[in-house]
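Heads up, the thing below is written out as structure tokens.
Throughout, protein chains are lettered first and strands after them, A, B, ... in sequence-line order, and every chain is numbered starting at 1.
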Protein chains: 4
Amino acid sequence: MATRSDTTKCKLYDAALALIAEKGFAGTTVDEIVERAGVAKGTVYYHFAGKAELVEALIAERLTPLQEQFRMTLEAACTPSAALEALVRAELEWIRDNRSFSKMLMTELWREERIWHDTLFSLRHSIIGYFERAIADGIAAGVFRSDIDAAFAASALFGMTVTSALDWLVFSPETPLDTVAEQIRRLASMAVTSGSAA
Amino acid sequence: MATRSDTTKCKLYDAALALIAEKGFAGTTVDEIVERAGVAKGTVYYHFAGKAELVEALIAERLTPLQEQFRMTLEAACTPSAALEALVRAELEWIRDNRSFSKMLMTELWREERIWHDTLFSLRHSIIGYFERAIADGIAAGVFRSDIDAAFAASALFGMTVTSALDWLVFSPETPLDTVAEQIRRLASMAVTSGSAA
Amino acid sequence: MATRSDTTKCKLYDAALALIAEKGFAGTTVDEIVERAGVAKGTVYYHFAGKAELVEALIAERLTPLQEQFRMTLEAACTPSAALEALVRAELEWIRDNRSFSKMLMTELWREERIWHDTLFSLRHSIIGYFERAIADGIAAGVFRSDIDAAFAASALFGMTVTSALDWLVFSPETPLDTVAEQIRRLASMAVTSGSAA
Amino acid sequence: MATRSDTTKCKLYDAALALIAEKGFAGTTVDEIVERAGVAKGTVYYHFAGKAELVEALIAERLTPLQEQFRMTLEAACTPSAALEALVRAELEWIRDNRSFSKMLMTELWREERIWHDTLFSLRHSIIGYFERAIADGIAAGVFRSDIDAAFAASALFGMTVTSALDWLVFSPETPLDTVAEQIRRLASMAVTSGSAA
DNA sequence: TATGAATGAGCATTCATTCAT
DNA sequence: CATGAATGAATGCTCATTCAT
């Protein structure tokens, strides 16, 4: 099933991802990518229209499983609180396991002129959508406070998790994921749980 | 007092900032910067050692007032809760008023090879430090829960605010700052306030 | 009789001719040729040694009938004047019916480094030879003036016809061939007919 | 008056012209041009948008004097016959003195996709216009036959001259210009002069 | 203090050709 | 007889930097 083309593309994806995470898109040359992938330069242009399109294809290919994972995470959870916790954990795990990809996403997400801008933004929107659904469910069920905007809170929690995750991986990678998840859980659950406020 | 040299540098700073925010550091050429600044190409190299050094100087010049503002914000607040709220508001205001700069910071922060990497990271560290101090004060005073790590929570709140701010500016810039600040205040205050947890 | 090989070659000839007429030899890629011909890239190299050799074979294949037509035209004419007129008409007809080929000939004729340069020049020489023979016959018969060089006049008339034909096809293709032929006949016959000069 | 820029551009024009006449536009590399011109590669792109634009500028720059020469030639002539003869002679002289340029014109004129296509065609049109005016004057004056189309005859004579000139330069460059001019004069003057026809 | 023509190493991309199937 | 994935030398172009004025 894995054709020769697929194998070659995969080698290119891996090489490009590792290099771009380290040096950025503009800082990575096609020469470096093909050298790392072990193919000739022309091969990139046989399979893709150009360097940017290679990255676009890479993003599309690697992002589908991520979205799928989030979808399943949300479906598996019984309560809104559990769903939120599971989503945070899934996000942390994915960032930990796809560090290169996460870093690339962080640095390329806000660059508006890139051709994969739309792909990236729709991903972001769809992921935050899962958080939003969990929060909206919690509000409807009365377990989450009703004076917050679900969409706003979703984006805020997502950003909190990303920031914490990157801090974690850069400054104290030896900390177990559970500890990080627990810290975020405490902050996040309190932030949205209904009850007495300040 | 404003010498001709200062005027020229300022024009270069403004031009570079606007362009880099839009297209990134690597995507912005010296030609574009000097054209927008209305000076000749050689002028950049008369005032700075190179393109990177121009940006480094720009960052250093624009960062001092930011830190100063945070310092004063923290000093002016009476209670830890008020301090946290004021810091969030200061962060939001700054991002709103320095949108280009914020965007540049977001995209360049994680690029390790850049010469201003250290400057940027120490800025981040210092800003988060203000949040951390407010949270630690609150924990010590018993108004904030003691089962969270002040440093961790500080970074998380900072990231939550940045993410919300960028979402705000990109997707719904017409929303008043007060509304955004209030949403974050609700999430943040609950997150750290001591009381019953989920 | 038409083997599969012949069919494939013919498809390649047609595709190559159309593209080269429009974009020139250097401006046409093998990829474009095979796409238009509907065959795979390797097929070109199965049948020909390379791109240049494909064009060389194409020229050789399409040129034989042209020369044959000129030979028969000359033989069929009774008088030198009629011969000249018939040659002009044959040239016009061929250019009209082989527009792509004519255009390719025009642009490639003066490119000395090409491998088919000799083929093309000998063709040109042979065609002009037919004109020359008709003019020389006319001079010998006393119906054409004797103060012109037959070879020179042949080349001049040939060039006049080509130029007029291309102008015709490019700028006023709706004009009937007869009108064009008649105009050239008037200019040409006067040019060579013996009588009083200016 | 000759600025540094002008000097550099001129060196590039000379180098490009010589090389393109020999090897064609597509066959000439920018590297070859700059090496022959004795400047660095970037210089081409400092002064022109690209290789094609360099050639476009070259054509525009070298064509103005040619048109001017034709205009003066036509004005200086007393009679239509003399005008025609002078135009033919001017064309021959120019082709002889600008052999590289002529050859480039011949091979690039029919390539429709080039950016200088319009420039080249309007030149052609303007030059043929001078022939046309002379012929039309002769017809009006009764010295040229009235059964030919002035525009058609102009194009035909122009083409006849070009073809003869290139034949001359390629196959018998030792022939004096006067001999060639005289041959063409005989053919051309007879072709258009009013009198008994075949 | 400022200019802008010139530089050249580095880059993305093209494309005729090869070859295993 | 035909394919199409792979190749890599060659090419047009970019752009940070230099320097004479």
Side-chain angles (χ1 to χ4, degrees), chain A residues 3-9 11-12 26-34 37-54, chain B residues 3-9 26-35 38-54, chain C residues 3-9 26-35 38-54, chain D residues 3-9 11-12 26-34 37-54:
Chain A
T3 66
R4 185 144 84 115
S5 268
D6 288 338
T7 311
T8 304
K9 280 184 183 177
K11 283 193 284 186
L12 285 169
T28 300
T29 69
V30 176
D31 274 299
E32 289 170 325
I33 294 173
V34 297
V39 300
K41 208 168 181 180
T43 306
V44 167
Y45 297 90
Y46 179 75
H47 289 285
F48 307 97
K51 182 182 159 187
E53 284 80 8
L54 160 61
Chain B
T3 65
R4 179 152 163 232
S5 190
D6 287 338
T7 311
T8 304
K9 279 185 182 177
T28 301
T29 68
V30 176
D31 273 295
E32 291 170 322
I33 294 173
V34 298
E35 196 198 0
V39 300
K41 206 171 183 180
T43 306
V44 167
Y45 296 88
Y46 178 77
H47 288 287
F48 307 97
K51 181 185 164 187
E53 286 76 11
L54 159 61
Chain C
T3 65
R4 179 150 163 232
S5 191
D6 287 338
T7 311
T8 304
K9 278 185 182 177
T28 301
T29 69
V30 176
D31 273 296
E32 290 170 322
I33 295 173
V34 297
E35 196 198 0
V39 300
K41 207 171 183 180
T43 306
V44 167
Y45 296 88
Y46 179 77
H47 289 287
F48 307 97
K51 182 184 164 188
E53 285 77 10
L54 160 61
Chain D
T3 65
R4 185 144 84 113
S5 269
D6 288 338
T7 310
T8 304
K9 280 183 182 177
K11 283 193 285 186
L12 285 169
T28 300
T29 68
V30 176
D31 274 300
E32 290 169 326
I33 295 173
V34 298
V39 300
K41 207 169 183 181
T43 305
V44 167
Y45 297 90
Y46 180 76
H47 290 286
F48 308 97
K51 182 183 160 188
E53 285 78 8
L54 160 60

Report task. Evaluate the side-chain contact (heavy atoms from CB on, under 4.5 Å) criterion for residues B/Thr8 and B/Tyr46: first the C-alpha distance (whole Å), next the side-chain angles of each, then the deciding distance (0.1 Å), finally the verdict. Result -> CA-CA 11 Å; B/Thr8 304; B/Tyr46 178 77; over 6 Å; no
Report summary line: C/His47 NE2 to E/dT17 C1', in whole Å, measures 16 Å
Requested in this report: Kindly write out the residues that satisfy side-chain contact (heavy atoms from CB on, under 4.5 Å) with B/Glu35, not counting sequence neighbours, or none if the list is empty.
Outcome: none
Requested in this report: Please identify each residue that fulfils salt bridge (charged side-chain N to carboxylate O under 4.0 Å, His left out) with A/Glu53, with sequence neighbours left out.
Outcome: none
Report task. To the nearest Å, give me how far apart NZ (C/Lys9) and C1' (F/dA2) are. Result -> 14 Å
Query raised in the report: Looking only at atom types and distance, does a side-chain atom of A/Lys51 sit under 3.5 Å from a main-chain N or O of A/Val44, one as donor and one as acceptor?
Result: no
Query - Strand DNA chain F as a dot-bracket string - pairs counted if Watson-Crick or G-U with both distances under 3.5 Å, | where the partner lies in another strand - result: .||||||||||||||||||||
Under 3.5 Å, which protein N or O atoms sit close to an N or O of nucleotides 13-15 of chain E? Give each pair with its distance.
from	atom 1	to	atom 2	distance (Å)
E/dT13	OP2	A/Tyr45	OH	2.9
E/dT13	OP2	A/Lys51	N	3.0
E/dT13	O4	A/Lys41	NZ	3.1

Query raised in the report: With sequence neighbours left out, what residues match C/Ala26 under side-chain contact (heavy atoms from CB on, under 4.5 Å)?
Result: C/Arg114, D/Ala26
Query raised in the report: Would you say F/dA6 has OP1 or OP2 under 4.0 Å from some side-chain N or O of A/Thr8?
Result: yes
**Report entry** Atom-pair distance (CZ on D/Arg4; P on E/dT3), nearest Å
**Finding:** 17 Å
Report task. Have a look at C/Val44 and say if it touches a base, only the backbone sugar-phosphate, or nothing, with a 4.0 Å heavy-atom cut-off. Result -> nothing
Report task. Please figure out whether D/Gly38 or B/Ala40 has its closest DNA chain E nucleotide nearer the 5' end. Result -> B/Ala40
Report task. Report the C-alpha separation of A/Thr28 and A/Ile33 in whole Å, then their side-chain angles, then the decisive distance to 0.1 Å, and conclude whether the side-chain contact (heavy atoms from CB on, under 4.5 Å) test is met. Result -> CA-CA 7 Å; A/Thr28 300; A/Ile33 294 173; 3.7 Å; yes
Report summary line: To the nearest angstrom, the CZ-P distance between C/Phe48 and F/dT3 comes to 14 Å
Report task. Could I get the full list of side-chain contact (heavy atoms from CB on, under 4.5 Å) partners for C/Lys9, not counting sequence neighbours? Result -> C/Ser5, C/Tyr13, C/His47, C/Phe48
Requested in this report: Might you work through the side-chain contact (heavy atoms from CB on, under 4.5 Å) test for A/Val39 and A/Leu12, ending with a clear yes or no?
Outcome: CA-CA 8 Å; A/Val39 300; A/Leu12 285 169; 3.8 Å; yes
Query raised in the report: To the nearest angstrom, how far is D/Asp6 atom CG from E/dG4 atom P?
Result: 16 Å
Query raised in the report: Between atom CG in B/Leu54 and atom C1' in F/dC15, what is the gap in whole Å?
Result: 15 Å
